[in-house]
Amino acid sequence: MWANMDYTLNLHGRLTDISQPQVMGILNVTPDSFYAGSRMQTEQEIVARTHQIIEEGGNMIDVGGYSTRPGAMEVSEPEEMERLRFGLAIVRRECPSALISVDTFRPDVARMAVEEFGVDIINDISEGGEDMYRMVSRLRVPYILMSQQPTLKKMLLSFASQVQQLRDFGVKDIILDPGFGFGKTLEQNYEIMGELENLSIMELPLLVGVSRKSMIYKLFGCTAAEALNGTSALNTISLMKGASILRVHDVKEAVECCRIVSQINQK
């Protein structure tokens with residue numbers, strides 16, 4: 001078992017300890033995310049989901065306005081901003097002190113979310129680039145850097161280069177996401193999961209998002225709606241291999257995984 005390292009994130013001047021596993025609940029203000037249970041479009045749905053994440057023990061709320069599932073429709077930048085403004089206003093009203101991340105690959109969307117709603121973290125699935133790195137540095141918020149590389153060796157090489165670029169731009173808090181389900185075959189996803197603890201060489205916190213993904217339901221020949229048990233199994237394995245944050249649809253079950261692993265890790 002891999003012990004979690006001591007990490008602290010600076011969230012708008014608040015030092016937040018993430019040395020114990022954290023759960024990030026997904027709230028998608030989209031009509032077409034791959035898992036229907038995560039799509040929240042009406043004010044009532046967003047209110048209910050916001051409170052559910054917090055009441056079930058979630059530490060963070062990840063709000064997305066652009067579905068990244070295969071075959072999803074293109075969403076313009078103004079449309080993404082409109083969706084996020086609608087959702088973030090409700091989340092902030094309902095839970096003013098909640099830690100919020102925004103799932104976007106667009107620098108101007110990131111700027112809007114931080115400047116207008118005080119969003120705490122930018123979660124970028126695009127592997128970034130200079131424009132986003134420059135924006136995150138300007139906004140002074142933690143940044144989740146995801147990899148679409150298909151092997152751990154290529155991932156480590158890519159992460160090393162990208163993290164150095166981010167440091168050069170002055171970004172202080174970086175979280176790594178191996179990007180399960182992005183740019184990888186089913187077999188490659190499991191190969192990376194099997195070697196996940198080797199990412200600790202980067203000495204950065206690790207976010208894992210496997211919730212109800214195809215690497216689970218394709219393995220079992222079921223649907224995303226039937227993939228909760230597999231999700232919990234992989235979440236537990238991820239925690240035992242050093243994950244600091246679980247990005248999930250099912251918060252209660254992920255919190256239970258964290259409690260079990262934390263209990264095992266007690267000395």
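For clarity, every value in this text was computed on a predicted model and none was experimentally measured.
With respect to L206, the side-chain contact (heavy atoms from CB on, under 4.5 Å) criterion is satisfied by exactly one of I175, L196, L239: L196.
Salt bridge status for D120 with R92: present, with a side-chain N to carboxylate O gap under 4.0 Å. The existence of a salt bridge linking R138 and E115 is confirmed by a sub-4.0 Å separation between a basic side-chain nitrogen and an acidic carboxylate oxygen.
Without hydrogens or angle criteria, S238 side chain to A243 main chain gives no donor-acceptor distance under 3.5 Å. Between the R247 side chain and the G25 main chain, no donor and acceptor come within less than 3.5 Å of each other. Using modelled atom types, one side-chain atom of N59 and one backbone atom of V23 make a donor-acceptor pair closer than 3.5 Å.
F86 has its side chain within reach of E43: a pair of non-hydrogen atoms, C-beta onward, lies under 4.5 Å apart. The shortest side-chain heavy-atom distance between E195 and M155 does not fall under the 4.5 Å cut-off. With contacts defined as side-chain heavy-atom distances shorter than 4.5 Å, the pair I216/F180 does not qualify. The closest side-chain heavy-atom distance from I61 to I54 is below 4.5 Å. Taking 4.5 Å as the limit, some side-chain heavy atom of Y190 sits within range of a side-chain heavy atom of L219. At least one side-chain heavy atom of N10 sits under 4.5 Å from a side-chain heavy atom of L15. Contact check for M60 versus S101: no side-chain heavy atoms found under the 4.5 Å cut-off. L11 has its side chain within reach of L99: a pair of non-hydrogen atoms, C-beta onward, lies under 4.5 Å apart.
Taking every heavy atom of both residues into account, A227 and Y217 meet most closely at CB-CB, 4.3 Å.
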Practice task
Determine, stepwise, if the pair E226 / T223 fulfils side-chain hydrogen bond (donor to acceptor under 3.5 Å, both in side chains).
Solution key: CA-CA 5 Å; E226 300 168 306; T223 65; 3.1 Å; yes
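One distance of note links CG of N235 with CD of E256; it measures 12.0 Å at 0.5 Å rounding.
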